[in-house]
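Report on one structure; see the data block that follows.
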Amino acid sequence: MMYALADCNNFYASCERVFDPKLVNKPVIVLSNNDGCVVARSQEAKQVGIQMGQPVFECRDIIRSHAVIVRSSNYALYEDMSRRVVSAILHFIPDVEIYSIDEAFCDLAPMAGRDFDKLCREIRSAVLQWTGIPVSIGIGSTKTLAKIANRVAKRDASTDAVYRFPCDVNESRRVLSETRVEDVWGIGRRWGRRFRQLGVQSALDLAQMPPSIVRSHFNVTAMQTGMELAGVRCHELEAAPAPRRTLVRSRSFGEAVKRWDEMYQAIASHATRAAEKLRLEGGVAGRLSVFIQTNRFRQDQPQHCVSGSCELMPSTNTTPVLVEHASSIGRQLWKPGHAYKKAGVMLSEITFGEMQGALFSSRDDAHDARLMEVLDRINMTMGSGTLHPAATGRHQRTGFMRQEHCSPRYTTRWSELPKVI
DNA sequence: TCTGGGGTCCTAGGACCC
DNA sequence: TCTGGGGTCCTAGGACCC
């Protein structure tokens with residue numbers, strides 16, 4: 001049994017590069033929504049000292065002095081590129097788990113007898129040739145070891161971006177001892193600190209700690225991570241994604257919101273977008289929550305971070321129903337005199353397939369379903385947001401968002417195709 | 001001045017029941 | 001006045017991931 005983990009290098013920055021060769025060999029960063037934080041960095045940007053997750057305003061000087069190229073995030077582009085990378089991998093391997101927008105686990109078991117190292121090099125070069133995206137591939141007998149191998153593939157140039165976790169005991173101990181415990185997949189900063197207090201510094205230390213001890217200090221998740229490092233498989237490949245349980249739509253405001261009518265529009269627009277997504281997936285939600293938050297970095301200002309929820313009986317995905325509930329909850333949460341920085345809507349208790357009707361429903365479910373179908377079809381063909389509830393106002397697309405450095409949606413909008421001059 | 005968005009899982013503790 | 005024990009269910013909060 002063997003897993004491979006294919007991980008796109010600096011994915012968002014690489015996507016930007018595919019369509020704009022000017023960016024090649026230059027420091028490039030991609031920003032989060034609202035142009036707030038750095039969420040991707042090219043190799044060159046890492047080298048000049050820009051940190052992952054760093055607020056942009058903190059690295060203005062580096063950006064200026066090293067002529068770092070800045071892009072707002074363009075998820076339409078990244079999601080499409082991600083699909084292309086996955087279909088390239090599927091060309092070689094049938095059992096693939098899409099783990100995130102830039103990572104996929106592959107089950108190598110059906111490839112038994114083949115030279116895994118050679119196979120992964122073929123995959124890497126095909127993905128690069130067909131999509132323009134460089135990937136690194138780590139191979140290991142558990143997912144956690146494949147992750148470790150992937151780190152080595154990324155950091156050690158001599159691996160040429162493909163690395164197999166060693167079978168040799170001494171060699172594997174060396175690799176584990178060179179991985180800090182907080183860098184292990186599933187162990188973050190907090191747990192890393194606690195492990196260090198217990199004398200566990202490296203992945204090797206964690207692998208050698210008795211599972212029951214790990215469990216008693218942390219929980220079963222940490223215990224499984226330790227076991228996986230020791231070669232005991234705890235996580236299988238999950239080729240079919242588990243049905244989602246929750247769906248959130250939220251945004252920070254470019255400028256703090258102080259008026260209820262603005263907040264109302266934002267909440268209505270989040271509810272609308274959540275409902276669209278839920279219908280697209282064919283689910284209905286049994287509970288709706290709304291949250292509003294002030295700016296936690298401004299402790300000098302009055303803080304108000306609250307949430308409220310209500311049961312949806314019957315479960316639904318009908319936009320007007322969700323908008324109505326969301327705004328009424330929002331209204332109850334709203335406290336005048338605060339500068340709100342973020343708002344969101346969460347749908348939970350999501351179910352798929354047949355739904356249970358309410359005994360005393362006043363709504364005509366069949367009528368709602370037809371109405372939503374027409375709405376979705378129009379928005380699908382004429383562009384998202386063509387038809388939207390009046391409550392969302394004019395800002396239903398961006399929700400007051402700042403995006404000053406956005407690249408075109410090269411692959412998903414005819415009008416934004418790259419031009420060859 | 002400016003600080004992302006969207007998920008999952010686990011556990012502790014309270015409510016409630018018998 | 002004295003005031004049990006064990007089970008389930010739910011939720012909030014904390015940790016992790018990308």
Side-chain angles (χ1 to χ4, degrees), chain A residues 5 7-8 10-12 29-40 51-61 63 70 72-75 78-79 82 97-105 143-144 147 150 181-195 214-225 234-235 238 241-256 270 273-274 277-278 281 286-287 289 291 293-301 305-309 311 339 341-350 398-404:
Chain A
L5 172 65
D7 190 329
C8 301
N10 319 324
F11 184 54
Y12 300 166
I29 58 175
V30 178
L31 307 184
S32 63
N33 284 314
N34 254 326
D35 291 347
C37 294
V38 177
V39 294
Q51 300 301 308
M52 181 64 178
Q54 194 175 21
V56 188
F57 69 86
E58 278 180 22
C59 41
R60 287 257 180 259
D61 290 344
I63 291 172
V70 178
S72 301
S73 39
N74 181 348
Y75 285 100
Y78 311 149
E79 280 167 9
S82 176
E97 171 186 340
I98 300 170
Y99 177 67
S100 75
I101 195 164
D102 69 339
E103 282 170 80
F105 283 103
K143 284 181 165 181
T144 307
K147 272 270 185 187
N150 194 285
V181 67
E182 63 268 30
D183 293 333
V184 172
W185 184 46
I187 309 296
R189 279 224 310 279
R190 299 282 171 85
W191 284 2
R193 257 196 306 255
R194 274 171 57 193
F195 268 117
V214 179
R215 181 173 181 162
S216 70
H217 283 97
F218 297 85
N219 62 20
V220 298
T221 314
M223 179 187 81
Q224 288 173 337
T225 297
C234 300
H235 304 301
E238 286 159 30
R244 77 154 73 238
R245 307 164 70 94
T246 62
L247 196 166
V248 175
R249 284 297 175 266
S250 72
R251 279 282 180 282
S252 296
F253 298 114
E255 223 167 293
H270 295 324
R273 294 193 310 127
K277 178 76 171 170
L278 188 57
E281 298 182 357
R287 176 163 290 272
S289 319
F291 58 87
Q293 295 169 355
T294 47
N295 189 343
R296 68 181 196 281
F297 297 103
R298 294 292 301 271
Q299 289 296 326
D300 55 313
Q301 296 180 344
C305 302
V306 283
S307 68
S309 70
E311 195 186 353
K341 186 61 183 165
K342 185 175 181 177
V345 168
M346 175 160 92
L347 302 178
S348 52
E349 294 171 26
I350 292 174
T398 57
F400 315 98
M401 204 163 65
R402 239 192 331 255
Q403 280 216 313
E404 291 171 4

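Numbered from 1 within each chain, the chains take letters A, B, ... in sequence-line order. Computed from a prediction, not measured in an experiment: that's the story for all the values here.
- Heavy atoms of A:R194 sit nowhere under 4.0 angstrom from any nucleic acid atom.
- Within the nucleic acid shown, A:L247 comes within 4.0 Å of sugar-phosphate atoms alone, with no base atom in reach, counting heavy atoms only.
- Residue contacts shown for A:R244 are limited to sugar-phosphate atoms, with no base heavy atom under 4.0 Å away.
- As judged by a 4.0 angstrom heavy-atom cut-off over every strand, A:L31 is placed among residues making no nucleic acid contact.
- Comparing A:Y12 and A:V220 by the nucleotide of DNA chain B whose heavy atom lies nearest to each, the residue mapping closer to the 5' end is A:Y12.
- Counting any heavy atom pair closer than 4.0 Å across all strands shown, A:V56 reaches no nucleic acid atom.
- Going from the C1' atom of C:dG4 to that of B:dC16 covers 15 Å, rounded to whole Å.
- Partners of A:R298 according to the salt bridge (Lys or Arg N to Asp or Glu O under 4.0 Å) rule, which considers only residues two or more places apart in sequence or in another chain, are A:D300.
- Counting any heavy atom pair closer than 4.0 Å across all strands shown, A:K147 reaches sugar-phosphate atoms only and no base atom.
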Between A:V38 and A:L31, does the side chain to side chain contact (heavy atoms under 4.5 Å, CB included) criterion hold? Intermediate values first, please. CA-CA 5 Å; A:V38 177; A:L31 307 184; 4.3 Å; yes
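- The footprint of chain A on DNA chain C, defined by a heavy-atom cutoff below 4.0 Å, extends from C:dA15 to C:dC18.
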Pairing string of DNA chain B (Watson-Crick or G-U wobble, both atom distances under 3.5 Å; | = paired to other strand) is ....||||||||||||||
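- For A:E349, the side chain to side chain donor-acceptor pair (under 3.5 Å) partners at least two apart in sequence or on another chain are A:R287.
- The salt bridge (Lys or Arg N to Asp or Glu O under 4.0 Å) check on A:E281 picks up A:R244, A:K277, with sequence neighbours excluded.
- Comparing A:R298 and A:T221 along DNA chain B, the residue whose closest nucleotide (by nearest heavy atom) sits nearer the 5' end is A:R298.
- Considering only residues two or more places apart in sequence or on other chains, A:T294 meets the side-chain contact (heavy atoms from CB on, under 4.5 Å) condition with A:Q303, A:H304, A:C305, A:H338, A:Y340.
- Looking at every heavy atom in both residues, A:F11 comes nearest to A:S82 through CZ-N, 3.8 Å.
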Between A:E182 and A:F195, is the side chain to side chain contact (heavy atoms under 4.5 Å, CB included) condition met? List the steps. CA-CA 8 Å; A:E182 63 268 30; A:F195 268 117; over 6 Å; no
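- Within the 4.0 angstrom heavy-atom criterion, no nucleotide atom of any strand lies near A:R287.
- Residue A:F218 is out of contact with every strand shown, counting any heavy-atom pair closer than 4.0 Å.
- Remark: the backbone N or O of A:F253 is paired with a side-chain donor or acceptor of A:K341 at under 3.5 angstrom.
- Counting non-hydrogen atoms under 4.0 angstrom, A:T246 reaches the backbone sugars and phosphates but no base.
- Within 4.0 Å of A:V38, counting heavy atoms only, lies no atom of the nucleic acid at all.
- Across all strands shown, A:E103 has heavy atoms under 4.0 Å from sugar-phosphate atoms exclusively, and none from any base.
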Determine, stepwise, if the pair A:V56 / A:D35 fulfils side chain to side chain contact (heavy atoms under 4.5 Å, CB included). CA-CA 7 Å; A:V56 188; A:D35 291 347; 5.5 Å; no
